[in-house]
Amino acid sequence: MKESLRYLQNAKEILAKIPIEDNNYTDIKPLRESFGTAYLAVLEAINEALLKKGLTKKDLPKSVDGYRIALQKHFAAHNGKLARGFECLYDTLHIAGYYRGLIHNATLVKDALKATKEFIDKFQ
């Protein structure tokens with residue numbers, strides 16, 4: 001299994017263990033962990049694609065700005081769609097979900113994971 005899909009699966013497994021009341025997850029700590037793991041799935045998908053393009057592990061991005069530059073440089077043929085998708089997932093998964101813990105609604109969480117899977121699929 002691709003590493004990015006493994007991370008995404010781990011995020012889903014974490015979510016499956018969290019109780020839901022009134023369509024909201026009730027335990028924020030594992031919920032934030034799930035968002036963080038899903039964000040790592042996004043980064044792994046980009047890393048895998050960059051490695052296929054000939055970059056070495058040493059040359060992979062080391063910051064969010066590095067990932068932005070890599071997407072523009074190596075995947076410009078997608079007319080910025082990948083870059084916009086990355087920005088959306090960065091804001092949703094990393095900032096709102098993981099860092100600030102603002103997303104509790106189960107429907108929104110599932111939509112975020114669906115968007116993560118769609119983003120990963122664009123690199124296959």
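Everything quoted here is computed from the prediction, not taken from an experiment. Throughout, numbering of the chain's residues begins at 1 and tracks the sequence.
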Under 3.5 Å: donor-acceptor pair, side chain of [X], backbone of [Y]:
{"X": "S34", "Y": "P30", "answer": "no"}
{"X": "E48", "Y": "S4", "answer": "yes"}
{"X": "K62", "Y": "L60", "answer": "yes"}
{"X": "D22", "Y": "N24", "answer": "no"}

Inset, instruction - State, with a plain yes or no, whether a side-chain heavy atom of H74 is found less than 4.5 Å away from one of L55. - result: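 Yes; the side chains approach each other to less than 4.5 Å.
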Legend entry - Within-4.5 Å side-chain heavy-atom neighbours: Y90 and I95: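 Answer yes - side chains close enough.
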Nearest 0.5 Å, please: how far is [atom2] in [Y] from [atom1] in [X]?
{"X": "K12", "Y": "T116", "atom1": "NZ", "atom2": "OG1", "answer": "9.0 Å"}
{"X": "D59", "Y": "N47", "atom1": "CG", "atom2": "CG", "answer": "11.5 Å"}
{"X": "N105", "Y": "K110", "atom1": "CG", "atom2": "NZ", "answer": "9.5 Å"}
{"X": "L40", "Y": "R6", "atom1": "CG", "atom2": "CZ", "answer": "12.0 Å"}
{"X": "T37", "Y": "E13", "atom1": "OG1", "atom2": "CD", "answer": "10.0 Å"}

Might you point out which heavy atoms bring [X] and [Y] nearest each other, and give the distance in Å?
{"X": "P61", "Y": "L50", "result": "CD-CD1, 3.6 Å"}
{"X": "L71", "Y": "A83", "result": "CD1-CA, 4.2 Å"}
{"X": "T26", "Y": "I20", "result": "CG2-C, 4.4 Å"}
{"X": "Y25", "Y": "A106", "result": "CE1-CA, 3.5 Å"}
{"X": "A38", "Y": "L113", "result": "CB-CD2, 3.6 Å"}
{"X": "I14", "Y": "I18", "result": "O-CG1, 3.4 Å"}

Inset, instruction - Determine, stepwise, if the pair F86 / L43 fulfils side-chain contact (heavy atoms from CB on, under 4.5 Å). - result: CA-CA 9 Å; F86 174 75; L43 299 183; 3.9 Å; yes
Legend entry - salt_bridge(R84, E87) N-O dist < 4.0 Å: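 Looking at E87 together with R84, the answer is no, because their closest N to O distance does not fall below 4.0 Å.
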Legend entry - R68/D65 salt bridge by N-O under 4.0 Å criterion: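 Salt bridge present between D65 and R68.
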Inset, instruction - Examine I28 and L102 and state if one hydrophobic cluster contains both, with Ile, Leu, Val, Met, Phe, Trp and Tyr joined whenever side-chain heavy atoms are less than 4.5 Å apart. - result: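 In one cluster: no.
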Legend entry - Joint hydrophobic cluster, L89 plus V64, side-chain heavy atoms closer than 4.5 Å: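 Per the 4.5 Å side-chain linkage, L89 and V64 are co-clustered.
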Legend entry - Sequence neighbours excluded, every pair satisfying ring-ring contact (aromatic ring centres under 6.0 Å, His included) that has a member inside residues 99-124: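 Every pair satisfying ring-ring contact (aromatic ring centres under 6.0 Å, His included) with a residue in residues 99-124: F75-F123, F119-F123.
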Legend entry - F35 and V109: CA distance, side-chain angles, deciding distance, side-chain contact (heavy atoms from CB on, under 4.5 Å) verdict: CA-CA 8 Å; F35 274 115; V109 172; 3.8 Å; yes
